[in-house]
Amino acid sequence: MSDAFDAVVVGCGPAGSASARILAQAGAKVVMLDQHAFPRPKLCGGLITWKSIKALSRIFDEDVNSLKKKGVINNSSQKYSIYYRGNLLHTDEVSYPFHFVDRKSLDLELVRKAQASGAVLRTGDKVVKISTAEGWVRTASGKTIQGRYIFGADGANSIIRRSMPLDHKAWLKNLASTIEISIPAQRFPSAPDHPTLYIGYVDAGYCWVFPHAEKIIVGICGLKRSNNNFRSLFIEFLRSLGLAGWKDIAFKGHPLPYGNFLKEPCFQKALLCGDAAGFVEPLLGEGIFYAMTTGRYAAQSVLEGGTDYKAVERFYINRLKKNIYPELVYSSRLRWLLLLNLRYFSRLSFKLFFRTHTHHLAELVHGMRSYRCFLKKEWE
Ligand SMILES: Cc1cc2nc3c(=O)[nH]c(=O)nc-3n(C[C@H](O)[C@H](O)[C@H](O)COP(=O)(O)OP(=O)(O)OC[C@H]3O[C@@H](n4cnc5c(N)ncnc54)[C@H](O)[C@@H]3O)c2cc1C
C-alpha cells in the first residue's frame, strides 16, 4: 500500500502543526504523522512568551483569551525571580506576562487547527524508515507514504535527521539532558506564584519552578558533556526547595537541543524544523516559539519554491539566517559569557548583569529585543 501527498509531515508537535496548517491553507495535500494518538503527554515547562503568543495568533488564529477559554493557558505571571542556589539574585515585574500552557492541550489544539485547514491526520504509527532521495516514509505497520517533500518535525530524537548525512557527533556535543516532575502546590512549603530560575546547581544549565494552575512544574536542564550524575543534581535541587513527598513521583527525562542547531537543515526532499533541527534558544531552552516559526518558514519556502528543491532550500535558509540564527548564535554567546563569569568570578557578576539589564532581559526573552546587541526586534 502506498499513497502520495504534496507534503508528509512527520511529528505533530508545534513545528509539525504549524507547517501542516500553512501548507494546507494554501491548498497543498498534506498528511501529518505521529507515533502517538492525541492528546499525548509532552515533557515541557509550558512557559510561553510574548513572541509565542504572536506566533500562535499569526499561524493558528488564537490569542490569550481564546487559549484561556479553551483551558490551554492555565496561569500567567508578570513577576519572575532568579536565584543563585538559595540566594535571590534578581526579581522583577514585567510589562507583558509569562503564560503557562498544558502541552497536552496546546498540541491537541494546534493539531485540530491544522486538520481544520485540510491536513490529514494519521496517528499511532511510528515512522521507521525514510528515503530522502525518493521522498517516502515507511511506518511500523508497514505503510509507505510518498511526498514531494518530507518535513522532519519529529523532535529532538528525529529519525529524519538521523537519516541525513550530518555530523552526529557535533549534534551530541551540544545536547542537554533534562528531568522534570509535576508536583501539587500543597507539597511546597510556600507555593510559588511566579516563574523562578535557579543557577548554580548544574553546570551549563539551570533549574526551574513554574507555577501552573493546579500543579507546579520543577525541572533541570544542562549540557550532557558538562554534568555527571544528573539525577543526583536534581535530587539536591529538590531537597533545597524543602519539598515534601517528591520521592513517590517518577522522574521523566527528555533530550533538549541546547546550542546544536543545524546550519543545513535540508537534504534532498527533506526539511527539518523545530527540535529536529535543534532550533531551541540556547540560554533558556525556549523551543515552542522556534518550533512554530521554523515550521512556518519551511512551509512558506516550499510554497514559494514548488518543485525546485534547491530554491526551496535557499528560501528556507535565507529566512533562518535573517530571523532565527542571529538569536540562537547571540543567546549562545551570552550563555557562555555568563557561565564563564560565574565560573571564574562570582555570582555577583550575574547580579550586576541583571541590575544593569533589567528591562533588556525581559524584552529579550519575550522577543521584543534581539539577542544581537540587544537591539529592538521585529519578527517576520
Ligand atoms: C523538560 C523540558 C522543558 C521544556 N520547557 C519549555 C518551556 O517552558 N517553554 C518552551 O518554549 N519550550 C520548552 N521546551 C522545549 C519544547 O518542548 C520543544 O522545543 C518543542 O516541543 C519542540 O516542538 P517540535 O514540534 O519541534 O517537537 P515535539 O514537540 O517534540 O514534537 C515531536 C513529535 O514527533 C513525534 N515523533 C517523534 N518521532 C516520531 C516517529 N519516528 N514517527 C512518528 N512520530 C514521531 C512525537 O511523538 C511528537 O509528537 C522544553 C523541553 C523540555 C525537554
Side-chain angles (χ1 to χ4, degrees), residues 8-20 31-49 51-53 55-56 98-104 106-108 110-111 114 121-130 137-141 145 150-163 175-182 195 197 205-210 212 217-222 234 251-258 261 265 272-282 284-295 298 365 367:
V8 178
V9 176
V10 182
C12 301
S17 292
S19 51
V31 64
M32 302 170 75
L33 310 176
D34 204 289
Q35 60 193 345
H36 297 297
F38 279 67
R40 55 102 177 87
K42 165 74 184 91
L43 206 65
C44 185
L47 184 147
I48 57 170
T49 52
K51 61 183 182 299
S52 318
I53 295 290
L56 284 163
F98 298 106
H99 300 289
F100 295 94
V101 294
D102 172 39
R103 281 297 298 274
K104 225 181 187 176
L106 175 74
D107 291 16
L108 174 64
L110 303 190
V111 163
L121 179 67
R122 293 184 190 167
T123 58
D125 202 3
K126 188 173 179 167
V127 169
V128 291
K129 207 169 176 193
I130 161 177
V137 302
R138 191 155 301 141
T139 65
S141 70
I145 304 153
I150 309 293
F151 279 64
D154 49 342
N157 293 322
S158 171
I159 187 177
I160 313 291
R161 185 189 64 249
R162 282 182 280 127
S163 70
L175 195 63
S177 300
T178 68
I179 305 176
E180 211 177 58
I181 56 173
S182 154
L197 306 185
Y206 71 100
C207 303
W208 61 89
V209 175
F210 288 169
H212 285 243
I217 293 188
V218 180
I220 183 171
C221 81
F234 189 49
F251 288 2
K252 287 191 182 142
H254 193 75
L256 179 73
Y258 207 45
F261 48 93
L272 299 173
C273 43
D275 275 19
F279 295 142
V280 175
E281 188 266 278
L284 296 172
E286 180 184 11
I288 299 170
F289 166 77
Y290 291 96
M292 292 188 289
T293 304
T294 57
V365 176

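Counting starts at 1 for both ligands and their atoms, following the listed order.
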N or O pair under 3.5 Å between Asp34 and ligand 1: yes
Leu284/Trp208 under side chain to side chain contact (heavy atoms under 4.5 Å, CB included): CA gap, chis, key distance, verdict: CA-CA 10 Å; Leu284 296 172; Trp208 61 89; over 6 Å; no
Ligand-residue contact atoms, ligand 1 with Gly274, heavy atoms, under 4.0 Å: 26 (O)
Distance, nearest 0.5 Å, that separates CD of Glu286 from OG1 of Thr49: 3.5 Å
Ring pair (Phe, Tyr, Trp, His ring centres under 6.0 Å) partners of His254, counting only residues at least two apart: none
Heavy atom of Gly219, distance to ligand 1 below 4.0 Å: no
Region of Asp275 engaging ligand 1 - heavy atom pairs below 4.0 Å: both
Atom 36 (N) of ligand 1 - nearest protein heavy atom and its distance: Gln35 NE2, 3.5 Å
Heteroatom distance test (Arg40, ligand 1): nitrogen or oxygen, under 3.5 angstrom: yes
Ligand 1 contact by Phe210, heavy-atom criterion under 4.0 angstrom: yes
Any N or O of Gly16 closer than 3.5 Å to N or O of ligand 1: no
Shortest protein contact, atom 28 (P) of ligand 1 (heavy atom only): Lys42 CE, 4.0 Å
Under 4.0 Å to a heavy atom of Gly285 - the qualifying atoms of ligand 1, by number: 12 (N), 13 (C), 14 (N), 15 (C)
Per-atom contacts of ligand 1 with Leu256, taking only distances under 4.0 Å to non-hydrogen atoms: 15 (C), 51 (C)
CD-SG distance between Glu180 and Cys221, expressed to the nearest 0.5 angstrom: 10.0 Å
Atom 23 (O) of ligand 1: nearest protein contact (heavy atom, Å): Ala291 CB, 3.4 Å
Lys126 N/O under 3.5 Å from ligand 1 N/O: no
Expected output: side-chain Arg162 to main-chain Ser158 donor-acceptor under 3.5 Å: yes
Structural part of Ala156 in contact with ligand 1, heavy atom criterion under 4.0 angstrom: neither
Whether Phe100 and Phe210 hold their rings parallel, tilted or perpendicular, with breakpoints at 30° and 60°: tilted
Side-chain donor or acceptor of Asp154 paired with backbone N/O of Ile160 under 3.5 Å: yes
Option set Val280, Ile179, Asp154, criterion heavy-atom distance to atom 37 (C) of ligand 1, minimum: Asp154
Proximal ligand 1 atoms for Arg103, defined as those under 4.0 Å from one of its heavy atoms: 16 (C), 17 (O), 20 (C), 21 (O), 29 (O)
Thr293 (side chain) donor-acceptor with Phe289 (main chain) under 3.5 angstrom: yes
Check against side chain to side chain contact (heavy atoms under 4.5 Å, CB included), Glu281 and Phe261: CA-CA 9 Å; Glu281 188 266 278; Phe261 48 93; over 6 Å; no
Thr123-Asp34 side chain donor-acceptor pair, cut-off 3.5 Å: no
Short N or O distance, Leu47 and ligand 1, threshold 3.5 Å exclusive: yes
Contacting atoms of ligand 1, where contact means under 4.0 angstrom from a heavy atom of Gly11: 33 (C), 34 (O), 35 (C)
Minimum-distance protein heavy atom relative to atom 1 (C) of ligand 1: Thr178 OG1, 3.5 Å
From SG (Cys12) to CG (Leu108), nearest 0.5 Å: 11.0 Å
Using a 3.5 Å cut-off and no angle test, enumerate the donor-acceptor pairs between side-chain atoms of residues 37-46 and protein atoms at least two apart in sequence or in another chain.
| residue | atom | partner | partner atom | Å |
| --- | --- | --- | --- | --- |
| Arg40 | NH1 | Asp107 | OD2 | 2.9 |
| Arg40 | NH2 | Asp107 | OD2 | 2.8 |

Ligand 1 N/O within reach of Gly287 N/O, cut-off under 3.5 Å: yes
Step-by-step side chain to side chain contact (heavy atoms under 4.5 Å, CB included) determination, Phe98 to Ile48: CA-CA 6 Å; Phe98 298 106; Ile48 57 170; over 6 Å; no
Minimum-distance protein heavy atom relative to atom 25 (O) of ligand 1: Ala15 N, 3.0 Å
Atoms of ligand 1 close to Ile159 [distance to a heavy atom under 4.0 angstrom, numbered from 1]: 41 (N)
Between CD1 on residue Ile220 and OG1 on residue Thr178, distance to nearest 0.5 Å: 9.5 Å
Proximal ligand 1 atoms for Gly45, defined as those under 4.0 Å from one of its heavy atoms: 3 (C), 4 (C), 5 (N), 6 (C), 8 (O)
Stepwise side chain to side chain contact (heavy atoms under 4.5 Å, CB included) check, His99 with Ile53: CA-CA 9 Å; His99 300 289; Ile53 295 290; 3.8 Å; yes
Closest approach of any protein heavy atom to atom 31 (O) of ligand 1, naming residue and atom: Gly13 CA, 3.6 Å
Separation of Ile150 CD1 from Ile145 CD1 (nearest 0.5 Å): 9.0 Å
Option nearest atom 42 (N) of ligand 1 (shortest heavy-atom distance, choices Leu110, Val127, Ile130): Val127
Nearest-0.5 Å distance, CZ of residue Arg103 to CD1 of residue Ile217: 10.5 Å
Nitrogen or oxygen of Val10 less than 3.5 angstrom from that of ligand 1: no
For atom 32 (C) of ligand 1, closest protein heavy-atom neighbour: Ala153 O, 3.5 Å
Protein heavy-atom partner closest to atom 50 (C) of ligand 1 - residue, atom, separation in Å: Cys44 SG, 4.0 Å
For His36, the ligand 1 atoms whose distance to one of its heavy atoms is below 4.0 Å: 47 (O)
